[in-house]
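Note that these values count all heavy atoms, side chains included, but never hydrogens, waters or copies made by symmetry.
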Amino acid sequence: MLRFLDGHSSSNRFSRRRVADDQAADRRLGVRLTLAAVAVALFTVPFVILLILVKTSFAPLSDFDESIALQLHAHAVADQDYTNFLSIGTEVFGPWTWRVLVILTGIWLWYRGAPRLGIWAVATITFGGLLNLAVKAAVDRARPDLPDPVASAPGASFPSGHAMGAALGVCILMLILLPSLKSWAARIIAWLVAGAITVFVAYSRVALGVHWVSDVVAGVALGIVVVVGAAIGFETWRRGEGRRPAEPLKEGMEPEAF
């Protein structure tokens with residue numbers, strides 16, 4: 001009888017502990033998803049504001065864009081080597097580079113045994129590219145028309161496809177490959193490099209006279225919104241499958257895949 005009572009008591013303690021652990025995990029997930037939602041809002045707000053200002057031809061924004069474009073264009077015209085460097089860099093880190101890298105990474109993940117993570121990566125960058133085209137068509141903003149142009153680009157201007165592609169690509173690859181970086185220093189350096197690449201691409205598009213400043217800022221913001229939104233969906237799926245909640249910015253989207 002005593003053994004039965006002891007066993008029953010132990011079982012109750014185990015059940016209570018398990019319930020408490022599940023509740024704590026739910027709270028942690030709730031906090032993470034809330035922070036992710038805040039991040040989406042923080043980057044959505046500037047994009048929406050810029051979208052409204054561009055659509056309404058807000059004069060101060062137009063004057064600012066034109067002023068920066070003329071200053072950078074003058075430098076590009078005066079220094080051919082600088083212009084050549086920007087032209088090469090903007091193509092090396094162009095949208096197709098990121099698409100190919102993400103698709104190859106998705107194939108690698110599939111064979112590594114993480115097919116859903118690979119599908120997430122390819123689906124995210126594909127959706128981002130299609131969204132960029134849709135917004136471009138809806139806004140239909142003209143590109144800068146500068147004297148003695150040093151570069152040209154087809155299509156509408158807002159938002160920048162190169163800037164958005166860079167933001168999408170570096171964020172997707174970072175969230176996948178973070179688990180392979182074992183030290184905090186390596187992760188911080190990797191994020192800094194990712195940020196520097198995105199800033200360089202955005203700058204190069206304005207300096208070459210094919211985009212306004214507001215175009216590239218909107219492109220980066222929209223790219224981050226897409227990745228964060230996709231990450232929230234993937235993390236929710238993980239929790240629904242009974243996997244432990246991950247911290248994407250610290251350990252990647254699916255740490256157990258590495």
Holding to side-chain hydrogen bond (donor to acceptor under 3.5 Å, both in side chains), I want the full list of residues that pass it with [X], two or more places apart in sequence or in another chain.
X    : value
D140 : none
E91  : none
S87  : none

Among residues at least two apart in sequence or on other chains, which ones pass side chain to side chain contact (heavy atoms under 4.5 Å, CB included) with [X]?
X    : answer
I119 : W110
I188 : L192
L104 : V100
F64  : I68, V213

CA sep, side-chain torsions, deciding dist, call: W98, I172, side chain to side chain contact (heavy atoms under 4.5 Å, CB included):
CA-CA 9 Å; W98 302 113; I172 291 170; over 6 Å; no
Once you round to the nearest 0.5 Å, how far does [atom1] of [X] lie from [atom2] of [Y]?
X    : Y    : atom1 : atom2 : value
S180 : L178 : OG    : CG    : 7.5 Å
I52  : F47  : CD1   : CZ    : 10.0 Å
R112 : T105 : CZ    : OG1   : 12.0 Å
T97  : R99  : OG1   : CZ    : 10.0 Å
I49  : L61  : CD1   : CG    : 11.0 Å
L117 : L109 : CG    : CG    : 5.0 Å

Can you name the residues that form a ring pair (Phe, Tyr, Trp, His ring centres under 6.0 Å) with [X], not counting sequence neighbours?
X    : value
W108 : F258
Y82  : H75
F85  : F200

Hey, any chance [X] and [Y] share a hydrophobic cluster, counting ILVMFWY side chains that come within less than 4.5 Å of each other, even indirectly?
X    : Y    : value
I176 : V193 : yes
V199 : V206 : no
L133 : L51  : no

Side chains of E66 and S62: any donor to acceptor distance under 3.5 Å?
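There is no such pair (donor and acceptor under 3.5 Å, judged by atom type) between the side chains of S62 and E66.
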Donor-acceptor contact present, side-chain R205 to main-chain T90, <3.5 Å:
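Not at all, since once roles are kept as given, no pair shorter than 3.5 Å links the two residues.
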Start with the C-alpha distance between S214 and V54, add both sets of side-chain angles, then the distance that settles side chain to side chain contact (heavy atoms under 4.5 Å, CB included), and finish with yes or no.
CA-CA 8 Å; S214 51; V54 167; 4.3 Å; yes
Is D63 atom CG crowded by more than 12 heavy atoms from other residues, nucleotides or ligands, each under 6.0 Å away?
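Atom CG in D63 is crowded, with more than 12 foreign heavy atoms closer than 6.0 Å.
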In sequence, state the C-alpha distance, the side-chain angles, and the governing distance for I125 and I103, and then conclude on side chain to side chain contact (heavy atoms under 4.5 Å, CB included).
CA-CA 9 Å; I125 201 163; I103 290 171; 5.6 Å; no
Heavy-atom pair of closest approach, residues A194 and M174:
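Result for this residue pair: CB-CG, 4.0 Å.
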Donor-acceptor pairs are to be reported for all side-chain atoms of residues 215-234 against protein atoms at under 3.5 Å, with residues two or more places apart or in another chain.
from : atom 1 : to   : atom 2 : distance (Å)
D215 : OD1    : R141 : NH1    : 2.8
D215 : OD2    : S157 : OG     : 2.3
D215 : OD2    : H211 : ND1    : 3.3
D215 : OD2    : W212 : N      : 2.9

Can you give each donor-acceptor pair under 3.5 Å made by side-chain atoms of residues 146-153, sequence neighbours left out, with the distance rounded to 0.1 Å?
none

Side chains of [X] and [Y]: closer than 4.5 Å at any heavy-atom pair?
X    : Y    : result
T126 : V102 : no
T198 : F93  : no
T124 : F127 : no

